[in-house]
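One structure is given here, and the rest of the page talks about it.
What you see is a predicted model, and the numbers here were worked out from it, not measured in a lab. We count ligands from 1, going down the list as the structure has it; atoms in each ligand are counted the same way. Residue numbers start at 1 and run along the sequence shown.
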Amino acid sequence: MKAEKAYYVCSECGEGSAQWLGRCPACGSFGTMARESREPPGRRSALSAARPLRMVELGDEAPRLRIGIPELDRVLGGGAVPGSLVLLGGEPGIGKSTLLLQAAHALSAGGARVLLVSGEESASQIASRARRIGCLHPELYLLCETDLGRVEEVVGDLEPRVVVLDSLQTVRCPEVDSAPGGVSQMRESVLRLQVLAKESGATVFLVGHVTKEGLLAGPRLVEHMVDCVLYFEGERFDSLRVLRAVKNRFGSVSEVGIFEMTDGGLREVEDPSRHFLDRRSEPVSGTAAAVVMEGRRPLVVEVQALVVPSKLPAPKRVSTGIDQRRLAIDVAVLERKGRIKLDDRDVYVGISGGLRIVEPALDLAVCAAVASSRRDRALPAGTVLVGEVSLTGEVRPVSRMEERLREASRLGFTRAVISAGSHRRARLSGMEAVEVEDVKDTLVCLGIYAQDR
Ligand code: TYD
Ligand code: MG
């Protein structure tokens with residue numbers, strides 16, 4: 001027998017090398033190359049002996065399997081694709097196991113046989129949770145196992161339409177003698193699961209834990225190997241959960257699903273805008289409403305700001321739910337163009353409901369909320385603000401204005417502060433539109449601009 005060659009694999013990105021290197025040549029991380037006991041498995045084709053096909057002769061892809069949880073089906077692009085691999089990532093405790101348990105139950109209730117494989121919890125733990133949240137069904141099977149070979153056997157016998165594997169970090173292939181959760185274990189497991197999905201025609205859902213840095217623990221490589229990557233996000237102490245597709249070979253990646261964690265498991269949030277608006281009879285200073293797009297769905301959210309005297313030479317700019325740099329820019333623009341003095345103030349900004357928003361369309365509402373808190377004057381009731389603010393203080397138009405304003409109008413808003421040129425669309429939605437050129441204009445029309453600051 002040939003002596004085993006040394007082989008090194010980067011624990012961050014999965015790059016391999018025949019010699020040890022201090023720095024990974026692919027991702028540039030230092031000290032991440034670790035020795036593996038065997039050479040990489042190599043590229044094994046999931047379908048052996050492929051041959052060229054005439055595309056015109058191919059039928060449409062197999063019909064999708066509806067899961068029966070509309071928010072989840074939408075994020076998947078219309079249901080689960082048979083034979084595909086879906087990775088569900090998220091921080092520990094966010095609700096991945098719960099979501100997939102509920103999905104498994106909905107599927108089995110719809111007549112599809114489902115196999116849940118868990119390497120994380122005991123059978124009785126899972127069963128009692130399933131009983132508690134009403135997720136038991138005769139077509140729902142549970143296997144507590146970490147050996148992938150055994151999982152393959154069971155799938156062969158049981159012929160489920162869907163397999164849920166919780167989690168990728170706990171399964172192992174005994175043939176690969178490194179610890180579960182390591183790069184080569186995961187790569188080999190995913191390769192074998194690809195074959196399993198293709199051969200059995202089952203959709204395989206894989207749970208993957210995410211580390212603090214926001215990456216799947218282990219290699220990014222897994223994301224490249226699967227067909228669909230979903231992330232389940234939320235603040236730990238808030239009940240709101242957002243499911244996002246970050247990769248989808250069979251659909252759009254702009255869709256999101258919104259859930260709420262309750263005592264009885266996850267519940268779909270049917271009217272998210274109402275969920276994100278703090279209902280109060282009188283407007284208070286430091287709040288401003290905006291309409292953002294989450295995927296293709298408009299959402300009305302409330303920006304909350306608190307501006308207080310600072311004792312620090314470099315006052316604080318603290319944000320939750322929006323990008324810190326974005327806030328710093330909005331604050332700088334307000335100072336310079338809006339004559340709002342903030343260089344001796346700490347500024348705190350958050351989004352109600354614990355949502356995280358990256359859309360620049362929120363800028364105008366952030367500026368308005370900060371200015372409103374600084375002047376301690378509430379904005380006029382029934383007003384939403386939608387617009388991106390540039391470094392020069394100009395208010396820029398944003399996409400899908402009509403849909404946004406229709407949503408705001410549905411929730412009872414009557415006045416929209418928007419960029420110049422968006423008027424025609426606003427009229428269609430039946431709201432009063434106030435067009436603004438820049439930040440100063442905006443503050444003037446909100447009644448919080450002061451000549452003397
Ligand atoms: P879980 O699905 O186990 O998270 P993950 O698999 O992502 O680690 O969910 C864990 C949390 O959800 C746990 O802290 C308790 C909470 N939870 C509820 O609040 N209600 C419920 O009905 C369930 C099942 C869980
Ligand atoms: Mg879990």
Nearest-neighbour protein heavy atom for [atom], which is reported as residue plus atom name and distance:
{"atom": "atom 14 (O) of ligand 1", "result": "Gly93 O, 4.3 Å"}
{"atom": "atom 6 (O) of ligand 1", "result": "Ser97 OG, 2.6 Å"}
{"atom": "atom 3 (O) of ligand 1", "result": "Arg129 NH2, 3.6 Å"}
{"atom": "atom 22 (O) of ligand 1", "result": "Gly265 N, 2.8 Å"}
{"atom": "atom 20 (N) of ligand 1", "result": "Thr262 O, 2.7 Å"}
{"atom": "atom 4 (O) of ligand 1", "result": "Gly95 N, 3.1 Å"}
{"atom": "atom 23 (C) of ligand 1", "result": "Arg132 NH2, 3.7 Å"}

Q. Within a reach of under 6.0 Å around CD of Gln125, are more than 12 heavy atoms found that belong to other residues, nucleotides or ligands?
A.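 It does: Gln125 CD has more than 12 such atoms within range.
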With the threshold set at 4.0 Å, does a side-chain nitrogen-carboxylate oxygen contact exist between [X] and [Y]?
{"X": "Arg404", "Y": "Glu407", "result": "no"}
{"X": "Asp271", "Y": "Arg274", "result": "yes"}
{"X": "Glu223", "Y": "Lys247", "result": "no"}
{"X": "Glu159", "Y": "Arg113", "result": "no"}
{"X": "Glu294", "Y": "Arg74", "result": "no"}
{"X": "Glu120", "Y": "Lys96", "result": "no"}

Q) How would you list, by chain and number, every residue that makes a side chain to side chain contact (heavy atoms under 4.5 Å, CB included) with Asn248, sequence neighbours excluded? A)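 Result, side chain to side chain contact (heavy atoms under 4.5 Å, CB included) vs Asn248: Cys228, Phe250, Val253.
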Q: Considering the heavy atoms of Ile133, write down every atom of ligand 1 situated less than 4.0 Å from one of them.
A: 22 (O)
Q: Could you list the atoms of ligand 1 found under 4.0 angstrom from a heavy atom of Gly264?
A: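 Under 4.0 Å from Gly264, ligand 1 has these atoms: 22 (O).
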Under 3.5 Å: N/O of [X] near N/O of ligand 1:
{"X": "Pro92", "result": "no"}
{"X": "Met261", "result": "no"}
{"X": "His209", "result": "no"}

Q: Indicate if the distance from the Mg ion (ligand 2) to the nearest N, O or S atom of Ser97 falls below 2.8 Å.
A: yes
Q) With distance as the sole criterion, is a donor-acceptor pair present between the side chains of Asp166 and Ser118 under 3.5 Å? A)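 There is no such pair (donor and acceptor under 3.5 Å, judged by atom type) between the side chains of Asp166 and Ser118.
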Q.
Please state which option from Val207, Leu101, Thr98, Asp166 has its nearest heavy atom closest to atom 9 (O) of ligand 1.
A.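 The option holding the nearest heavy atom is Thr98.
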